[in-house]
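Whatever order the structure lists them in is the order used to number ligands and atoms, beginning at 1. All heavy atoms count here, side chains included; hydrogens, waters and symmetry mates do not.
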Amino acid sequence: MESTMPDLDLKDIQGLIVRGYGKLEVACYILLEIQDGEATRRWLVTLADQITSAETRPTHTSLNVAFTNASLVALGLDAETLATFPNEFTEGMTSERRRIILGDHGENAPGKWVWGGPETPPVHILLMLFAVDEPTLERFSESVSHGFSSGGVTQIGETLTSTLLRDAQTGYSKEHFGFNDAISQPLIEGIGKSGSPANTVKAGEFILGYPNEYDLLTERPTVRAQRDPQGLLPEHPSESGAHDIGSNGSYLVFRQLYQDVGRFWQFLDDVTRDANGNSDPEAQVRLAAKMVGRWPSGAPLVRTAEHDNPELGLENDFGYRDMDSLGHRCPLGAHIRRTNPRDALDPHLGPQKTLAINNRHRILRRGRAYGQPVSASMRIEDIMHADTSGDRGLHFICFNANISRQFEFVQQTWINNPKFAGLYEDTDPLIGDRASREIRQPSVFTEQAMPVRRRVTNLPQVVDVRGGAYFFMPGIRAVRYLGSLKPAPHDIPLPPDAGRMP
Ligand code: N7H
């Protein structure tokens, strides 16, 4: 049963922040560039009425919208207000500093991106549409495009489309390598299903305007009251003379991550052949599971270390500290152990303290696979042997209230850190940095074991960043406010390259 905490303003929060729309199987993301601020503002006023709020549970279609810093500039938000947004959002994903933090070099360098990079048109608005099936999505996106075609914006590149991939046998949602990828999410306190306290995180970690894991309000942007003459925004509870443009909003991180499925399984085949040089599919799946931290069904290795067990496919109530502090079941550097170390983050601290620290670095994932699956069945045996040509991967999307403390921290300090959890030259075996000068080549994955650990070296890069941007997904009132802006003449100047990152 769903229980709702009354003080979350669900009517104003955009729906995607609180639910993944699992019943809406298809989605498309439209990237827009603002050409005419005035016309775009008019369009936003009508669009605000179509936004799906967190109050409803859509079964047919859903629409959400998010903005880059460049779009706020183009819409005419004044410089004083813009300066209240956090640096990482203002700089954008491709600034020199952000590239270093994110490890975006080599194959991942923004110069090679198909959108969001320095060589591609500036991204302003992200329009996110979801529907129950393809014909419905087509009709829905046609009617929405009709609205924006006169709205002063142009579409950048192709519409990015995603369809949930389902395992034919279990019905679980899968990613392209063949693993169940819709299991572990932090539960937002006061909303949604109740779950283990260890996995329940304060709403303020994901939604601005509510207490976070420090029992504080995460910093959020504000507008001087005079700049909101119609009173569209709520008054800021503690800053007098300020209105709250951040409340009920969240920051959305979008990364288009290409997955080289063929290279992944080929590598696993090469390093697991038996003494006679024959392939050993079981050993391949076992090593892949060690890298992920879960079996293809989703069953966690800490619970079933030797073989898959689809009955545990959705199991998420576990820690590492008591069951597997040494990493003999789930390796210390496995993807899920790095991206959420749970109660094992710091063995020197008590479990409660460790969990408290861990839960300040959680993200809400809302990504979906894009491109044709290599096998319609999504069974691992078929994926391993399929023709893998083509473009496919993950539209990685996550929400957080503080990009730097949450998404960027996970990426830099856990995924790309060769010294994570006492290791010294491993990065995340699936998505870790393979090109950094700090990392001694070749890249390594270590399986802790008795009597001796096992290591595989020369890990190939199987995931490439192909695009991305940082967005702000405002509360619905704030979208109306953006539509109502009447910039003073001195606020308007928009340099010709507005939105292009340095
Ligand atoms: Fe990951 N994969 O296929 O192996 N991820 N991930 N991820 N990921 C997870 O628990 C995958 C990426 C997280 O709470 C599962 O729902 C792939 C980025 C987090 O225990 C699988 C890509 C970031 C979790 C994958 C990719 C994260 C998680 C298990 C890229 C953050 C939850 C399913 C193409 C910066 C951990 C599940 C927890 C789980 C895969 C990217 C983070 C199977 C292929 C970029 C926080």
Side-chain angles (χ1 to χ4, degrees), residues 20 22 93 101-104 108 162 165 167 172-187 195-196 198-201 205 253-261 263-265 268 287-303 312-320 330 334-345 355 358-359 361-371 378 380 383 392-400 403 406-417 427-433 445 461-466 468:
M93 194 180 271
I101 289 171
L102 299 173
D104 285 344
N108 296 338
S162 307
L165 307 176
D167 183 300
Y172 293 152
S173 164
K174 292 238 163 157
E175 55 67 53
H176 284 291
F177 293 142
F179 286 77
N180 187 344
D181 192 20
I183 314 161
S184 181
Q185 295 283 10
L187 298 168
S196 93
N199 191 38
T200 305
V201 176
E205 290 296 309
V253 175
F254 195 145
R255 314 255 286 166
Q256 182 167 326
L257 303 176
Y258 163 78
Q259 289 175 255
D260 193 335
V261 178
R263 203 171 188 202
F264 178 66
W265 285 106
L268 292 163
L287 179 55
K290 289 276 179 187
M291 291 179 168
V292 174
R294 290 184 184 268
W295 293 93
S297 76
L301 265 73
V302 279
R303 282 285 151 80
L312 294 174
L314 300 179
E315 176 61 47
N316 200 33
D317 189 10
F318 61 88
Y320 301 106
C330 176
H335 177 68
I336 68 159
R337 199 161 172 165
R338 280 179 181 267
T339 51
N340 180 12
R342 302 183 185 221
D343 57 355
L345 178 59
L355 266 171
N358 185 67
N359 281 347
H361 305 289
R362 302 295 301 279
I363 52 176
L364 262 180
R365 291 174 303 137
R366 293 285 183 252
R368 288 174 176 224
Y370 73 86
M378 287 315 289
I380 218 87
I383 292 174
R392 64 181 59 79
L394 177 70
H395 284 144
F396 174 85
I397 292 170
C398 77
F399 286 107
N400 45 193
I403 297 173
Q406 294 169 267
F407 166 71
E408 288 186 346
F409 182 92
V410 173
Q411 178 78 19
Q412 183 179 34
T413 312
W414 291 346
I415 289 174
N416 279 339
N417 180 2
T427 59
D428 187 297
L430 300 167
I431 56 171
D433 191 352
F445 173 64
Q461 177 157 340
V462 291
V463 173
D464 300 344
V465 189
R466 291 275 167 91

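- Ring geometry for Phe396 against Phe407 counts as tilted: the plane angle lies between 30° and 60°, on a 0 to 90° scale.
- Here is the list of ligand 1 atoms found below 4.0 Å of a heavy atom in Gln259: 34 (C), 44 (C).
- Asp181 OD1, 3.4 Å is the protein heavy atom nearest to atom 21 (C) of ligand 1.
- Listed by number with element, the atoms of ligand 1 under 4.0 angstrom from any heavy atom of Phe179 are 43 (C).
- Shortest contact from atom 19 (C) of ligand 1 to any protein heavy atom: Thr339 OG1, 3.3 Å.
- With rounding to the nearest 0.5 Å, the separation of CD in Gln412 from CD1 in Ile101 is 5.5 Å.
- Proximity to Phe407 (heavy-atom distance under 4.0 Å) selects the following atoms of ligand 1: 35 (C).
- Counting heavy atoms under 4.0 Å from ligand 1, residue Arg294 touches it through the side chain alone.
- Ligand 1 places these atoms under 4.0 Å from at least one heavy atom of Asn180: 29 (C), 33 (C), 43 (C).
- Paired with Arg362 under the rule side-chain hydrogen bond (donor to acceptor under 3.5 Å, both in side chains), one option of Thr339, Asn400, Asn199 passes, and it is Asn199.
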### Query
Should Ser184 and Asn316 be marked as a side chain to side chain donor-acceptor pair (under 3.5 Å) after you check the CA-CA gap, both sets of side-chain angles, and the distance that decides it?
CA-CA 6 Å; Ser184 181; Asn316 200 33; 3.2 Å; yes
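- At the shortest separation from atom 14 (O) of ligand 1 among protein heavy atoms lies Ser184 OG, 2.5 Å.
- Remark: the backbone N or O of Tyr370 is paired with a side-chain donor or acceptor of His176 at under 3.5 angstrom.
- Annotation: atom 29 (C) of ligand 1 to nearest protein heavy atom, Ile336 CG2, 3.7 Å.
- Here the side chain of Glu175 pairs a donor or acceptor atom with the backbone of Gly178 at under 3.5 angstrom.
- Within the structure, ligand 1 has Ala182 among the residues with a heavy atom less than 4.0 angstrom away.
- Judged purely by atom type and a 3.5 angstrom limit, Asn416 uses its side chain to pair as donor or acceptor with the backbone of Asp433.
- Although no hydrogens or angles enter the test, the distance criterion places no donor-acceptor pair under 3.5 Å between the side chain of Arg263 and the main chain of Val463.
- Counting heavy atoms under 4.0 Å from ligand 1, residue Leu257 touches it through the side chain alone.
- Counting atoms of ligand 1 from 1 in the listed order, those under 4.0 Å from a heavy atom of Ile431 are 12 (C), 18 (C), 22 (C), 30 (C), 41 (C), 45 (C).
- Ion pairing between Asp317 and Arg303 fails under the 4.0 Å rule for side-chain N and carboxylate O.
- Summarising the contacts of atom 31 (C) of ligand 1 with Trp414, Tyr258, Phe396, the nearest heavy atom is found in Phe396.
- One option in Arg338, His335, Lys174 has a heavy atom closer to atom 5 (N) of ligand 1 than any other, and that option is His335.
- In this structure, the side chain of Arg294 does not engage the main chain of Ile336 through any donor-acceptor pair within 3.5 Å.
- The shortest N/O to N/O separation between Arg362 and ligand 1 does not fall below 3.5 Å.
- Taking distance alone, with nitrogen or oxygen atoms compared against 3.5 Å, Leu394 stays at or beyond that limit from ligand 1.
- Annotation: atom 4 (O) of ligand 1 to nearest protein heavy atom, Leu430 CD1, 2.9 Å.
- Looking at ligand 1, you'll find an N or O of Arg365 within less than 3.5 Å of one of its N or O atoms.
- Near Gln411, with a cut-off below 4.0 Å to any heavy atom, the atoms of ligand 1 are 35 (C).
- Any N or O atom pair closer than 3.5 Å counts here, and Asn340 shares at least one such pair with ligand 1.
- None of Gln411, His335, Arg338, Arg337 except one satisfies the side-chain hydrogen bond (donor to acceptor under 3.5 Å, both in side chains) rule with Asp428; the exception is His335.
- Of all atoms in ligand 1, numbered sequentially from 1 with element shown, those under 4.0 Å from a heavy atom of Arg342 are 14 (O), 20 (O), 38 (C).
- Taking the six-membered ring where the residue is Trp, Phe179 and Trp265 present parallel rings, their angle staying beneath 30° rather than reaching 60°.
- The closest donor-acceptor contact from the side chain of Arg342 to the backbone of Leu355 lies at 3.5 Å or more, if one exists at all.
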